[in-house]
Amino acid sequence: MSDHSDQHGGDEGFGYAVEEARPKLKKPPLYRVVLLNDDYTPMEFVVQVLQSIFGMDRSTATRIMLEVHTKGKGICGVYTFEIAETKVAQVVGLAEQHQHPLLCTMEET
Ligand code: TYC
């Protein structure tokens, strides 16, 4: 009873776990921003959206637009939650302003 380490087994004699603080480096979840096809939104408008909101050059934007047009949907980019949410809101907002039914969603990767 005179030695605390007998009772508690720890190095310090009182059994407290002393763990090195590790930096938290957990990777955030990522989200695909997905553009959906419809029959009414003009192709040129979609190309402009992809250039202005997703920073694509004109040929990439045209390729993605045609992929959406032929396959039904296409990926505009992969982002963290808040960035993806903002991009979706920007696309839908711009489409609404111009009265186009263009839809955009996000899905976890
Ligand atoms: N399908 C549209 C048209 O024929 C073009 C279009 C492409 C619409 C991509 C939406 O996400 C879209 N005018």
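Note that ligands are numbered from 1 as they come in the structure, with each ligand's atoms numbered from 1 the same way.
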Enumerate the protein residues lying less than 4.0 Å from ligand 1, judged by heavy-atom distances, in chain and residue-number order.
-> Leu35, Leu36, Asn37, Asp38, Thr41, Met43, Val46, Met65, Val68, His69, Leu102

Should Cys104 and Val33 count as side-chain neighbours, where that means a heavy-atom distance under 4.5 Å?
-> yes

Just grab all the ring pair (Phe, Tyr, Trp, His ring centres under 6.0 Å) pairs involving residues 41-82, residues at least two apart or on different chains.
-> Tyr31-Phe81, Phe45-His98, Phe45-His100

Hey, does the side chain of Ser52 reach the backbone of Gln48 with a donor-acceptor pair shorter than 3.5 angstrom?
-> yes

Residue set satisfying salt bridge (charged side-chain N to carboxylate O under 4.0 Å, His left out) with Arg58, at least two apart, ordered chain then number -> Glu44

Hydrophobic cluster (4.5 angstrom, side-chain heavy atoms) - remaining members for Tyr40 | none

Within-4.5 Å side-chain heavy-atom neighbours: Asp38 and Thr41 | yes

